Trainee: 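Sharing a structure, written as structure tokens. Questions coming.
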Amino acid sequence: MAAVDTAPKEASAVALPGLGRALMSAGKLTQKAAEDIYKKSQVGRTSFIAELTGSGAVSAADLAHTVSAVFGAPLLDLDAIDPQRLPKDLLDGKICQAYRVVVLSKRNNRLIVATADPTDQEAAEKIKFTTQMGVDWIIAEYDKLSRLVEATTKSAGETMDTLVSGGGDFDFDDVAVEEAPETNDAGAGDVEDAPIVKFLHKMLLDAFNMRASDLHFEPYEHQYRVRFRIDGELREIASPPIAIKDKLASRIKVISRLDISEKRVPQDGRMKLKVGPDRVIDFRVSTLPTLFGEKIVIRILDPSSAKLGIDALGYEPEEKERLLEAIGRPYGMILVTGPTGSGKTVSLYTCLNLLNKPGVNIATAEDPSEINLPGVNQVNVNEKAGLTFAVALKSFLRQDPDIIMVGEIRDLETADISIKAAQTGHLVLSTLHTNDAPTTLTRMRNMGIAPFNIASSVILITAQRLARRLCPVCKAPADIPLEALIDAGYKEEEIDGSWVTYRPVGCSACNNGYKGRVGIYQVMPISEELQRIILRDGSALEIAEQARAEGVRSLRESGLYKAKLGLTSLEEVLAVTNE
């Protein structure tokens with residue numbers, strides 16, 4: 001089938017592309033709607049089809065079926081295509097990206113090419129000229145086609161190769177990185193390298209658009225790779241030339257206000273990326289000297305996450321009620337525990353956002369402050385300058401605070417001041433790195449805090465983990481044997497056939513069957529009986545048994561309940577909890 005040369009004709013005041021005229025003739029678009037979309041694509045410098053599907057005027061699926069019917073071209077569901085089995089090197093990846101096409105196969109001297117717009121004569125001519133072969137179009141849905149193009153072309157690597165060679169045409173008009181007002185002149189000229197600047201901008205934007213939580217720039221002896229953590233899982237995104245590692249590290253340091261001449265010790269900094277006229281994203285930067293250069297991790301900090309509300313965090317009704325009752329108390333200590341990356345900061349700031357009223361004085365000390373919350377007095381700890389958690393806390397207490405948030409209790413002095421504040425009429429919120437709620441109390445005891453002080457100050461402990469959330473579009477019932485369910489922790493009477501567990505499948509809307517994350521919580525209020533166990537220096541096992549008797553779920557039990565609700569898979573619960 002030869003490339004389509006023309007589309008059904010229809011008079012128009014604007015020189016609409018063939019696809020627009022085809023949709024008008026099929027009754028899918030009015031002339032005014034087609035003209036408006038075309039004008040927007042011209043102003044925004046995007047393709048007509050991208051603006052068409054992005055605006056929602058016509059869905060990608062409806063568009064593909066209509067185009068297939070109008071032009072008599074076969075329609076293919078790209079979900080059935082294995083990207084690894086597609087032919088390689090028949091068409092330059094840059095052409096595939098520019099025109100959103102994928103070569104499916106070769107037949108004699110003709111290429112079978114998937115497209116969403118068979119009226120694109122420029123694409124047809126470019127392919128013919130480059131390959132010296134004819135083109136037969138196969139129609140595909142535009143969104144699926146775009147994803148397949150990205151999966152089959154080394155987008156980031158090719159971009160870097162193009163940039164390093166001085167080529168490439170990237171538009172960063174609406175993107176700006178907030179520079180340091182003063183930078184170290186020594187070596188500053190080394191980083192005024194447009195290809196490196198553009199590559200870094202592209203990586204930051206890609207990470208934000210892919211909902212990554214952090215970026216890892218990792219140098220090795222013969223390789224340099226960039227990985228994104230998406231829904232808690234690291235995924236390799238690019239493998240740029242190893243020659244750029246020093247320039248890229250210097251560029252990141254300059255805009256993060258770090259010393260570019262210091263490569264022997266770790267450094268921490270921050271930077272901002274402006275996305276559009278009214279959206280700014282904060283990044284926390286950490287450098288670490290390794291054998292073959294500096295590994296740099298950039299963590300994306302989204303201030304809007306603290307304003308989602310407590311319901312969005314995934315607390316069950318009884319857990320939410322316990323937490324709200326605790327933060328409503330006038331004094332006492334609330335501890336949030338869990339490993340790095342388990343969402344402790346978001347939980348704390350969600351509580352602070354609920355407490356942040358005009359008549360309340362709130363002060364926080366963090367290392368560093370990750371989320372900016374207007375109305376809260378936030379202090380960054382600076383140990384080199386002598387501003388430690390303990391020093392900040394002592395200063396807070398002289399300024400009549402109602403609520404104090406300490407980023408982390410790391411030592412006895414910080415713990416001692418925090419407990420005294422909780423005992424003298426202040427509500428104190430903080431974090432600890434422990435495995436679950438009961439072991440938090442024994443950890444404090446091991447730090448040297450007297451049992452009486454723990455029992456009289458701590459009012460609630462929340463332990464938490466983040467599990468990947470099953471994609472609601474493609475999740476499927478899992479056939480798990482009864483023995484495996486019992487081994488996981490379900491009681492035999494619970495397995496009554498009224499509910500099913502689900503497994504990940506994977507589709508175009510998710511990442512290997514998962515999309516987003518859900519919190520798993522153990523919310524343990526300190527009751528009078530628990531206080532008695534603490535006072536007699538009871539073990540974590542005794543505390544856990546008493547908490548269970550009072551209706552507190554363990555982390556494993558909370559995870560199993562989330563799996564029972566179909567929010568996550570049993571495999572994910574077993575991976576993030578320990579029993």
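The structure displayed is predicted, hence computed values, not measured ones.
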Trainee: At what distance, to the nearest 0.5 angstrom, does CG of Leu393 lie from NE2 of His426?
Mentor: 10.5 Å
Trainee: Can we say Glu318 and Arg553 salt-bridge, meaning some charged N sits less than 4.0 Å from an Asp/Glu carboxylate O?
Mentor: yes
Trainee: Should the pair Arg536-Glu542 be classified as a salt bridge under the 4.0 Å nitrogen-to-oxygen rule?
Mentor: yes
Trainee: Would you name the heavy atoms of Tyr331 and Ile459 that are closest together and state the gap between them?
Mentor: O-CD1, 4.0 Å
Trainee: Check whether any side-chain heavy atom of Asp268 lies under 4.5 Å from a side-chain heavy atom of Asp367, and answer yes or no.
Mentor: no
Trainee: Checking side-chain polar atoms at under 3.5 Å, does Ser558 have a donor or acceptor matched by the opposite partner on Glu316?
Mentor: no
Trainee: Can Leu352 and Tyr349 be said to form a side chain to side chain contact (heavy atoms under 4.5 Å, CB included), step by step?
Mentor: CA-CA 5 Å; Leu352 287 181; Tyr349 269 95; 4.1 Å; yes
Trainee: Is it true that Lys491 and Glu493 make a salt bridge, defined as a side-chain N closer than 4.0 Å to a carboxylate O?
Mentor: no
Trainee: What distance do Tyr220 atom OH and Thr290 atom OG1 have between them, rounded to the nearest 0.5 Å?
Mentor: 8.0 Å
Trainee: With Glu572, which of Arg465, Arg517, Arg468, Arg503 fulfils salt bridge (charged side-chain N to carboxylate O under 4.0 Å, His left out)?
Mentor: Arg468
Trainee: Okay, side chain of Arg556, backbone of Thr577: is any donor-acceptor separation there less than 3.5 Å?
Mentor: yes
Trainee: Of all heavy-atom pairs between Leu555 and Ala463, which one has the smallest distance, and what is that distance?
Mentor: CD2-O, 3.7 Å
Trainee: If we ignore hydrogens and angles and just use 3.5 Å, is the side chain of Lys357 paired with the main-chain N or O of Leu354 as donor and acceptor?
Mentor: yes
Trainee: Does a salt bridge link Arg227 with Glu236, judged by any charged N lying under 4.0 Å from a carboxylate O?
Mentor: no
Trainee: Working to the nearest 0.5 angstrom, can you tell me the gap between Met271 CE and Leu200 CG?
Mentor: 5.5 Å
Trainee: Are Arg264 and Glu262 ion-paired here, with the side-chain N under 4.0 Å from a carboxylate O?
Mentor: yes
Trainee: Quick one about Asn361 and Asn377 (side-chain donor to acceptor, distance below 3.5 Å, no hydrogens or angles considered), yes or no?
Mentor: yes
Trainee: Classify the side-chain pair Asp411/Thr414 by whether it contains a donor and acceptor separated by less than 3.5 Å.
Mentor: yes
Trainee: Atom CD1 in Ile237, atom CE in Met210: separation rounded to 0.5 Å?
Mentor: 4.0 Å
Trainee: Looking at Tyr514, I'd like to know if the NZ or CZ of Arg469 sits under 6.0 Å from its six-membered ring centre while staying within 45 degrees of the ring's axis.
Mentor: no
Trainee: Applying side chain to side chain donor-acceptor pair (under 3.5 Å), which residue pairs with at least one partner in residues 519-528 are found, sequence neighbours left out?
Mentor: Ser527-Glu550
Trainee: Please answer whether the main-chain N or O of Glu494 pairs with a side-chain N or O of Trp499 as donor and acceptor at a distance below 3.5 Å.
Mentor: yes
Trainee: Please name the pair of heavy atoms, one in Gly407 and one in Thr431, separated by the smallest distance, quoted to 0.1 Å.
Mentor: O-OG1, 2.5 Å
Trainee: Please find the pair of heavy atoms, one from Ala467 and one from Ile520, that lie closest to each other, and give the distance.
Mentor: CB-CD1, 3.7 Å
Trainee: Between Thr337 and Gln464, does any side-chain donor sit less than 3.5 Å from a side-chain acceptor?
Mentor: no
Trainee: Does some side-chain heavy atom of Ile334 sit less than 4.5 Å from a side-chain heavy atom of Ile327?
Mentor: yes
Trainee: Quick check on Lys564: does its NZ atom have over 12 non-hydrogen neighbours (other residues, nucleotides or ligands) under 6.0 Å away?
Mentor: yes
Trainee: Is it true that a side-chain atom of Gln531 and a backbone atom of Ala455 form a donor plus acceptor pair closer than 3.5 Å?
Mentor: yes
Trainee: So, Glu294 and Lys253, do they make that salt bridge, N to O below 4.0 Å?
Mentor: yes
Trainee: Quick one, Asp206 and Met203 - any side-chain contact, counting heavy atoms below 4.5 Å?
Mentor: yes
Trainee: Donor-acceptor pair, distance only, cut-off 3.5 Å: does the side chain of Glu557 make one with the backbone of Ser554?
Mentor: yes
Trainee: Could you go step by step and tell me if Leu460 and Ile526 meet the side chain to side chain contact (heavy atoms under 4.5 Å, CB included) rule?
Mentor: CA-CA 6 Å; Leu460 180 131; Ile526 305 301; 5.8 Å; no
Trainee: Flag the pair Asp231 and Arg211 as a salt bridge only when some basic side-chain nitrogen lies within less than 4.0 angstrom of an acidic carboxylate oxygen.
Mentor: yes
Trainee: Take atom CG of Asp479 as the centre, draw a 6.0 Å sphere, and report whether it contains more than 12 heavy atoms from other residues, nucleotides or ligands.
Mentor: no
Trainee: Find the distance between OG (Ser395) and CG (Leu387) and round it off to the nearest 0.5 Å.
Mentor: 8.5 Å
Trainee: If you draw the axis of the six-membered ring of Tyr502, does the NZ or CZ of Lys475 fall within 45° of it and under 6.0 Å from the ring centre?
Mentor: yes
Trainee: Output, in order, the C-alpha distance, side-chain angles, deciding distance and verdict of side chain to side chain contact (heavy atoms under 4.5 Å, CB included) for Met333 and Gln423.
Mentor: CA-CA 9 Å; Met333 178 180 283; Gln423 290 171 333; over 6 Å; no
Trainee: Using a strict cut-off of less than 4.0 Å between a Lys/Arg side-chain nitrogen and an Asp/Glu carboxylate oxygen, indicate whether Glu413 and Lys394 qualify as a salt bridge.
Mentor: yes
Trainee: Just verifying a value: how many Å separate Leu288 CG and Gln267 CD, rounded to the nearest 0.5 Å?
Mentor: 11.5 Å
Trainee: Should Thr364 and Ile404 count as side-chain neighbours, where that means a heavy-atom distance under 4.5 Å?
Mentor: no
Trainee: Could you give all pairs that pass the salt bridge (charged side-chain N to carboxylate O under 4.0 Å, His left out) test and reach residues 326-353, with sequence neighbours left out?
Mentor: Glu325-Arg329
Trainee: Side chain of Asn356, backbone of Pro374: donor and acceptor closer than 3.5 Å?
Mentor: yes
Trainee: Run the side-chain contact (heavy atoms from CB on, under 4.5 Å) test against Ser430 and tell me which residues pass, sequence neighbours left out.
Mentor: Leu335, Val406, Ile409
Trainee: Below 4.5 Å, heavy atoms only, C-beta onward: do Met405 and Glu366 meet side chain to side chain?
Mentor: yes
Trainee: Flag the pair Asn353 / Thr350 as yes when at least one side-chain heavy-atom distance between them is below 4.5 Å, and no otherwise.
Mentor: no
Trainee: How close do Leu570 and Ala488 get, counting heavy atoms only, and between which atoms?
Mentor: CD1-CB, 3.9 Å
Trainee: Any side-chain heavy-atom pair from Val336 and Leu429 closer than 4.5 angstrom?
Mentor: no
Trainee: Among Leu204, Leu215, Asp282, which residue meets the side-chain contact (heavy atoms from CB on, under 4.5 Å) test with Ile300?
Mentor: Leu215
Trainee: So which atom in Pro240 and which in Ile244 form the shortest heavy-atom distance, rounded to 0.1 Å?
Mentor: CB-CD1, 3.8 Å
Trainee: Report yes if some heavy atom in the side chain of Leu441 is under 4.5 Å from a heavy atom in the side chain of Ile533; otherwise report no.
Mentor: no
Trainee: Any carboxylate oxygen within less than 4.0 angstrom of a Lys/Arg side-chain nitrogen, looking at Arg322 and Glu319?
Mentor: no
Trainee: Is a donor on one side and an acceptor on the other found under 3.5 Å between the side chain of Lys245 and the backbone of Phe217?
Mentor: no
Trainee: Which is it for Ile242 and Gln223 under the side chain to side chain contact (heavy atoms under 4.5 Å, CB included) test, yes or no, and what are the steps along the way?
Mentor: CA-CA 6 Å; Ile242 196 168; Gln223 179 194 7; 5.7 Å; no
